[in-house]
There are 4 protein chains.
Amino acid sequence: MSAAPRTARGEKTRRKLLEAAEHEFAAHGYTESSVSRITERAGVGQGTFYLYFDSKLDVFNELVEDLNHRVRLAMSEGARGAGTRLAAERAGFAAFFRFTAEHPALYRVVREAEFVSPEALRMHYTRIVEGYIDGLTQAQEDGEIGDIDPTVAAWALMGVGEMIGMRWVLWGDAANGEPGDGADPTASGTSAVPEHVLDEMMRFIGGALGRPDWGTTNEEEA
Amino acid sequence: MSAAPRTARGEKTRRKLLEAAEHEFAAHGYTESSVSRITERAGVGQGTFYLYFDSKLDVFNELVEDLNHRVRLAMSEGARGAGTRLAAERAGFAAFFRFTAEHPALYRVVREAEFVSPEALRMHYTRIVEGYIDGLTQAQEDGEIGDIDPTVAAWALMGVGEMIGMRWVLWGDAANGEPGDGADPTASGTSAVPEHVLDEMMRFIGGALGRPDWGTTNEEEA
Amino acid sequence: MSAAPRTARGEKTRRKLLEAAEHEFAAHGYTESSVSRITERAGVGQGTFYLYFDSKLDVFNELVEDLNHRVRLAMSEGARGAGTRLAAERAGFAAFFRFTAEHPALYRVVREAEFVSPEALRMHYTRIVEGYIDGLTQAQEDGEIGDIDPTVAAWALMGVGEMIGMRWVLWGDAANGEPGDGADPTASGTSAVPEHVLDEMMRFIGGALGRPDWGTTNEEEA
Amino acid sequence: MSAAPRTARGEKTRRKLLEAAEHEFAAHGYTESSVSRITERAGVGQGTFYLYFDSKLDVFNELVEDLNHRVRLAMSEGARGAGTRLAAERAGFAAFFRFTAEHPALYRVVREAEFVSPEALRMHYTRIVEGYIDGLTQAQEDGEIGDIDPTVAAWALMGVGEMIGMRWVLWGDAANGEPGDGADPTASGTSAVPEHVLDEMMRFIGGALGRPDWGTTNEEEA
DNA sequence: AATGAATGAGTGTTCATTCAT
DNA sequence: TATGAATGAACACTCATTCAT
């Protein structure tokens, strides 16, 4: 992370660089991105980059960290205020898919971390999973779900979300059609994934967690 | 795929190159690998590489294809002869984990395809999922599982396998300890994942597919 | 020139190679052409090339030689049977332009020799010029043209033909339009250069050679 | 043309590179020249080259452009102050031959453009020809030469100069002897071409332009 | 704080040529 | 006569990083 800026001006420069890096990585991926293009995008000299970051990898790590916060925030905000546990779970996943749909390139950045900075990806997944584990444990205490091991279940849920997201959000509805299902993915009520897929996915998850009824009812009614 | 060798000697050279590329990619990842190191490893001149492959990407794609065949073979062979559906599913996953444990670096090659050759990864996942879909559809016809949408369920299963595999096989038992659980991952009877995790995972999947009983019984007894 | 073919089969192979080389050089120029593409085009193995030619440069030289014969043949045949000296000169130039128009790429091969095999180009120009010199000397003896030094005049004529040919045949009628003036360049009666340009050029040459009247009359009437 | 230097230091480096490229191309021709040899000659790192030029072709084009200016300057300066039109024409050609004699390798660079960057050569010839056309048109208005089409005549003149220059300056006096005629080609009073050849050439041109008298008198007396 | 010039190792790829068969 | 496998030097070009100003 190199030297932190010591002045307001420096702070601003650092932010410009970070933002430029985000766009650059999103657009070209890590290896294809170049520091010089980042500084160009940021409108600063090449040397300036190394005033605020130790290396190309350094910005990347910081970016992954940042993205992690944003995904988790989106998910928890998405789930906030849901009346039932089912509704909350569904809303959480929908928020995740929406985030992915809105920032597909950014999400790519996170996944690429597996090959660029494995530790960063591990941290990313672990943090999200910890949230799941807390939720599942609570739900078990409330008797809302079965007594499955919350850790294993949490990682499984993570996998389900990732794969469904990759398949229907990143790849799009058709096997090789355009991403998304045509519905505006930013409309907060809708999901970035076809309704039917989300339904089936919740049924899958409901059964998995010992709540087969989740698949037979609609949201808010469970 | 470039020109196919026309002589036995050429055939042999091509195989040497492919094998060298596999090790090289596994060891350093795609971008950090160099064609010259591949040829060096193969013990041939640099130019020889281009007699058999159009480009660095070309070998990579061929390798992903190859690995796809091997994973699927391992899974179907692992599942062969299982007495019950539960046993078959469990054996399939166990085989998958074992393959991953035996070739962790190779599996990395496949996943990296997302950033190197997205089409190749898509093909990889799609082929495996197609196998799942067939199995699930058959199981539904036999009344063995619920009426969940087989496509959605298949992708969800894929995700569960990938994430559990990443967490317990690639990362290892402890959050940040060494990979594997100490048990010999190649011993065919055992799983590369802790027994408990596999148990819980099967319980998760059983419930998801409308067979909550899968989680309460042991293999071979369902 | 390497080993001459010793059998009819060899003769045929050599011819195939020569023809393939002509097309290859015409299409890509000397440096961008590759021996392997020549052999591929010829439908023979790569090694076969070196049975008949010492090197890439070797074929090139042979080709330039060959082209030299063809251009000179075209010019002398074009001029044959012309009634007057003016008609003969004009027909000779027209034939040269026609040849260039019909084989623009081949003519490029000849010119490129300046940078690839300077000796070959020197020979090419010298041979053509020798023909001019003979003609001019004869014409002087016949009192048909002034007493200008035939050697200097011959090279000057060569230059005029080359430059007019480059400008109007290779580059085309408009400064940067398409080559040729739209008239079918292979129609033997017409010229590959606009009639007006040929007229003015003959006037230029006529004056230069001490026959200002050439510019005031039409062909066949002088 | 890439990024222009932003500092004096950069300006200097760029000039060093340009000069090195000039020598390199002159010595080995375009294809045989290598960027690394250019940078070596310039005494800078390989990467530095790409700070100032987009590509090898880019410097080449810039060089051709530069040479074009220099040739035209040499010609117009050579002709400046000539008392008569004949003297001016003769001086212009003599200056051209002198330039060629002084920089035979550089002139090679220009001609090679036909195969490396055809547009550049076209521009080169066109610019010079435009100067001729202006001069010829003016001379016609002044009644000094005949009414030949100035464009055709200009290209023809260009051809005469090029070919005579190639034959007597670049190839030398003897058919295949050394270049030059032994006279110091840089001595400004003399021509790089044997006096006799220049005489005959001017006679040729004079007649061509409708001034047969040019060939019968000496310079400065017409 | 900021710059931009400079670096040089490194990349993937091409190709004329040789040679064992 | 013919082959195609093999070579390795050579190429243009990129880039993260350093440093003097």
Side-chain angles (χ1 to χ4, degrees), chain A residues 3 5-14 31-40 44-58, chain B residues 3 5-14 31-39 44-58, chain C residues 3 5-14 31-40 44-57, chain D residues 3 5-14 31-39 44-57:
Chain A
R6 295 195 200 294
T7 70
R9 183 184 171 206
E11 183 64 53
K12 203 168 137 196
T13 301
R14 187 178 203 282
T31 19
E32 296 296 307
S33 291
S34 78
V35 172
S36 82
R37 225 156 32 208
I38 290 171
T39 56
E40 195 182 347
V44 304
Q46 263 193 81
T48 306
F49 180 91
Y50 291 89
L51 248 33
Y52 300 106
F53 304 98
D54 286 336
S55 64
K56 185 183 169 187
L57 184 57
D58 188 31
Chain B
R6 272 179 246 271
T7 68
R9 184 185 174 205
E11 185 65 56
K12 201 167 139 195
T13 302
R14 188 179 201 279
T31 17
E32 297 296 309
S33 291
S34 79
V35 172
S36 77
R37 222 156 33 209
I38 291 172
T39 55
V44 303
Q46 287 212 45
T48 305
F49 178 91
Y50 292 91
L51 246 31
Y52 302 106
F53 304 98
D54 285 336
S55 62
K56 185 184 169 188
L57 184 57
D58 189 33
Chain C
R6 295 193 200 292
T7 69
R9 183 186 172 205
E11 184 63 52
K12 201 167 140 197
T13 302
R14 189 178 201 280
T31 20
E32 297 295 308
S33 291
S34 78
V35 172
S36 81
R37 226 159 28 211
I38 290 172
T39 55
E40 196 181 346
V44 305
Q46 264 193 79
T48 306
F49 180 91
Y50 290 89
L51 248 32
Y52 300 105
F53 304 97
D54 285 337
S55 63
K56 186 184 169 187
L57 184 58
Chain D
R6 273 179 246 273
T7 69
R9 184 185 174 206
E11 185 64 55
K12 201 168 138 194
T13 302
R14 188 180 201 278
T31 16
E32 296 297 309
S33 291
S34 79
V35 172
S36 78
R37 222 156 32 207
I38 291 173
T39 56
V44 303
Q46 287 211 43
T48 305
F49 178 91
Y50 292 92
L51 246 32
Y52 303 106
F53 304 98
D54 286 336
S55 62
K56 185 185 168 186
L57 184 57

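Convention: sequence-line order gives letters A, B, ...; per-chain numbering from 1.
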Collect all protein-nucleotide pairs involving nucleotides 9-11 of chain F in which both atoms are nitrogen or oxygen and the distance is under 3.5 Å.
none

What is the separation between atom [atom1] on [X] and atom [atom2] on [N], rounded to the nearest whole Å?
X       : N      : atom1 : atom2 : value
A/Arg6  : E/dA2  : CZ    : P     : 13 Å
A/Asp58 : F/dT17 : CG    : C1'   : 14 Å
A/Glu40 : F/dA16 : CD    : C1'   : 16 Å
C/Phe49 : F/dA2  : CZ    : P     : 14 Å
A/Asp54 : F/dT18 : CG    : C1'   : 14 Å
C/Leu57 : E/dC15 : CG    : C1'   : 15 Å
C/Phe53 : E/dT18 : CZ    : P     : 16 Å
B/Glu11 : F/dG4  : CD    : P     : 15 Å

Which residues pass the side-chain contact (heavy atoms from CB on, under 4.5 Å) test with [X], sequence neighbours left out?
X       : answer
B/Thr13 : B/Leu17, B/Val44, B/Thr48, B/Tyr52
B/Arg6  : none
D/Thr7  : D/Arg9
C/Glu40 : C/Arg37

| task | Find which nucleotide of DNA chain E each of D/Thr13 and A/Arg9 is nearest to by heavy atoms, and output the residue with the more 5' nucleotide. | result | A/Arg9
| query | DNA chain F in dot-bracket, Watson-Crick or G-U pairs under 3.5 Å, [ ] crossing, | other strand? | reply | .||||||||||||||||||||
| task | Would you please name every residue forming a salt bridge (Lys or Arg N to Asp or Glu O under 4.0 Å) with D/Glu11, sequence neighbours left out? | result | D/Arg15
| field | Separation between CZ of C/Arg14 and CG of C/Leu51, rounded to the nearest 0.5 Å | value | 11.0 Å
| remark: Ranking F/dT3, E/dA5, F/dA2 by distance to the side chain of C/Val44, first place goes to F/dT3
| message | Among F/dT3, F/dC13, E/dT17, which nucleotide has an atom closest to any side-chain atom of C/Ser55? | response | E/dT17
| task | With sequence neighbours excluded, tell me which residues meet side chain to side chain donor-acceptor pair (under 3.5 Å) with D/Ser34. | result | D/Ser36
| said: Less than 4.0 angstrom between a side-chain N/O of C/Tyr50 and OP1 or OP2 of F/dA2, yes or no? | reply: no
| field | Closest approach of A/Gly10 to A/Pro5 (non-hydrogen atoms, all atoms of both residues) | value | C-CB, 3.4 Å
| Minimum heavy-atom distance between A/Asp58 and A/Phe53, given as atom pair plus value | OD2-CA, 3.5 Å
| request: Identify whether any heavy atom of A/Thr48 sits under 4.0 Å from a base atom; if not, whether one sits that close to sugar-phosphate; answer base, sugar-phosphate or nothing. | output: base
